[in-house]
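A quick write-up on the structure given underneath.
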Amino acid sequence: MADIITVDDPDDPRLGDYTGLTDVELRRRREPAEGLFIAEGEKVIRRAGQAGYAMRSMLLSAKWAEVMGDVIEAATAPVYVVEPALAERVTGYHVHRGALASMARKPLPTAAELLARPGTRRIAVMEAVNDHTNIGAIFRSAAALGMDAVLLSPDSADPLYRRSVKVSMGAVFAVPYARLENWPRDLETVREAGFPLLALTPDARAVPLDEVAPHRMERAALMLGAEGDGLSRRALEAADTWVRIPMAHDVDSLNVGAAAAVAFYAVTAGRGDGGPAEG
């Protein structure tokens, strides 16, 4: 069972993992460098543990120590119990859900390793999606709709940043991901692994998704760009096919999170056995 330690000093160095959680630039640099991420809320903490992430520590208000009793019982990392006001001073915001955990990151696989995994047939490729809310929403849709993996351009946001994890409700732990280090050159690695590159764009020259019928392909890689800008010209030029979601009522496009969910369904529909649909 974990040691339960009451802390009343916001400058206690044992709370260092939780300092300045609202400082986005600091945490973006610090967390990957130190090999940690923050899980917030009971469900997310449980899902991180179930996904095999090792706990470094927990920070709880007193009433949440009882709720998290079984997690504490199974943990070997220290549990710091603090007053809500102290938690706010340390983290920089009111911790509504009363429970935070610092978790150790796992080494990321390479893109080639991820593409070679058995059963990997449907993947999402994100270019410059640097909004943490969108990253979380896209991972949640990817998990719910049966995408097998996600590849990220070097400038896409961190899926394990606290906001991304929270929005995804822990779904970032369910979908394996990797970084493409050389963009867009490494898209050729995806193609060589047998994944046609389908670039999602509202461009009128793109083919409607239902005409492409990606759910009938043996493999498919769906490319998504950032909110507003969409895929870059270089990424579009690297794609095999431009695809679009048909729009009505003169709407030109969807939020990237909504577009991803629609496109993921189109890519995976009928894959009840985990493989391509028959037809």
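Side chains included, hydrogens not; waters and symmetry mates left out as well; all remaining heavy atoms used. Sequence positions, counted from 1, serve as the residue numbers for this chain.
Judged by distance alone, the side chain of E113 and the main-chain N or O of T110 form a donor-acceptor pair under 3.5 Å. Checking side-chain atoms of R117 against main-chain N and O of D148 turns up no donor-acceptor pair under 3.5 Å. Of the possible polar contacts, none joining the R27 side chain to the F37 backbone as a donor-acceptor pair under 3.5 Å is found.
The closest side-chain heavy-atom distance from L152 to P159 is below 4.5 Å. Between I123 and V190, some side-chain heavy-atom pair lies under the 4.5 Å cut-off. Using a 4.5 Å heavy-atom cutoff, the side chains of D131 and E227 are not in contact.
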Between side-chain atoms of residues 66-90 and protein atoms elsewhere (two or more places apart, or another chain), which donor-acceptor pairs fall under 3.5 Å?
unit_1 : atom_1 : unit_2 : atom_2 : d
D70    : OD1    : R46    : NH1    : 3.3
D70    : OD1    : R46    : NH2    : 2.9
D70    : OD2    : R46    : NH1    : 2.7

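Atoms CG and CZ, from L36 and R105 in turn, are 7.0 Å apart once rounded to the nearest 0.5 Å. With rounding to the nearest 0.5 Å, the separation of CD in E192 from CG in L187 is 11.0 Å. If you take CG on D210 and CD1 on I245, they are separated by 11.0 Å, rounding to the nearest 0.5 Å. Expressed to the nearest 0.5 Å, how far CG of D11 lies from OG1 of T19 amounts to 10.0 Å. Between the CG atom of D3 and the OG atom of S57 there is a distance of 12.0 Å, given to the nearest 0.5 Å. One distance of note links OH of Y177 with CG of L114; it measures 11.0 Å at 0.5 Å rounding.
With sequence neighbours left out, the salt bridge (Lys or Arg N to Asp or Glu O under 4.0 Å) criterion links R56 to D17. Qualifying side chain to side chain contact (heavy atoms under 4.5 Å, CB included) partners for A137, counting only residues two or more places apart in sequence or in other chains: V167.
Between S164 and V172 the shortest heavy-atom distance is O-CG1, 4.3 Å. Minimum interatomic distance between A226 and A128 (heavy atoms only, all atoms of both residues): CB-O, 3.0 Å. Smallest separation of non-hydrogen atoms from R179 and S156: NH1-O, 2.8 Å. Scanning both residues, M126 and F139, for their nearest heavy atoms gives CE-CE1, 3.8 Å. The shortest heavy-atom contact between P214 and A266 is CG-O, 3.7 Å. Pairing each heavy atom of A99 with each of L60, the nearest pair is CB-CD2, 3.5 Å.
Aromatic ring pairs are classed by plane angle as parallel below 30°, tilted from 30° to 60° and perpendicular above 60°; the pair Y53 and F173 is tilted.
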Evaluation steps, salt bridge (Lys or Arg N to Asp or Glu O under 4.0 Å), between D158 and R28: CA-CA 8 Å; D158 179 10; R28 271 172 153 173; over 6 Å; no
Verdict with supporting geometry, L21 and L100, side chain to side chain contact (heavy atoms under 4.5 Å, CB included): CA-CA 11 Å; L21 293 187; L100 296 169; 4.0 Å; yes
L254/M247 under side chain to side chain contact (heavy atoms under 4.5 Å, CB included): CA gap, chis, key distance, verdict: CA-CA 9 Å; L254 296 172; M247 298 284 148; 3.6 Å; yes
CA sep, side-chain torsions, deciding dist, call: V44, K166, side chain to side chain contact (heavy atoms under 4.5 Å, CB included): CA-CA 7 Å; V44 172; K166 184 177 179 180; 5.7 Å; no
Step-by-step side chain to side chain contact (heavy atoms under 4.5 Å, CB included) determination, N130 to D155: CA-CA 7 Å; N130 47 34; D155 52 353; 5.9 Å; no
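No cation-pi contact links R163 to Y93, judged by a cut-off of 6.0 Å to the six-membered ring centre and 45° from its axis. Remark: R219 is positioned above the aromatic ring of F195, its terminal NZ or CZ atom under 6.0 angstrom from the ring centre and at most 45 degrees off the axis.
Hydrophobic clustering (ILVMFWY, side-chain heavy atoms < 4.5 Å, transitive): I45 and L160 are in one cluster. Hydrophobic cluster membership is shared by M217 and L200, with clusters built from Ile, Leu, Val, Met, Phe, Trp and Tyr side chains linked at under 4.5 angstrom. V7 and W64 are members of different hydrophobic clusters when ILVMFWY side chains are connected at heavy-atom separations under 4.5 Å. Under a hydrophobic-cluster definition in which Ile, Leu, Val, Met, Phe, Trp and Tyr are linked whenever side-chain heavy atoms come within less than 4.5 Å, directly or via other members, W242 and L197 are assigned to the same cluster. Linking ILVMFWY side-chain heavy atoms closer than 4.5 Å, directly or via other members, places M169 and I38 in two distinct hydrophobic clusters.
Crowding of N182 atom CG: a count of heavy atoms from other residues, nucleotides or ligands under 6.0 Å exceeding 12. Around atom CZ of R30, more than 12 heavy atoms belonging to other residues, nucleotides or ligands sit under 6.0 Å away. At most 12 non-hydrogen atoms from other residues, nucleotides or ligands lie less than 6.0 angstrom from NZ of K63.
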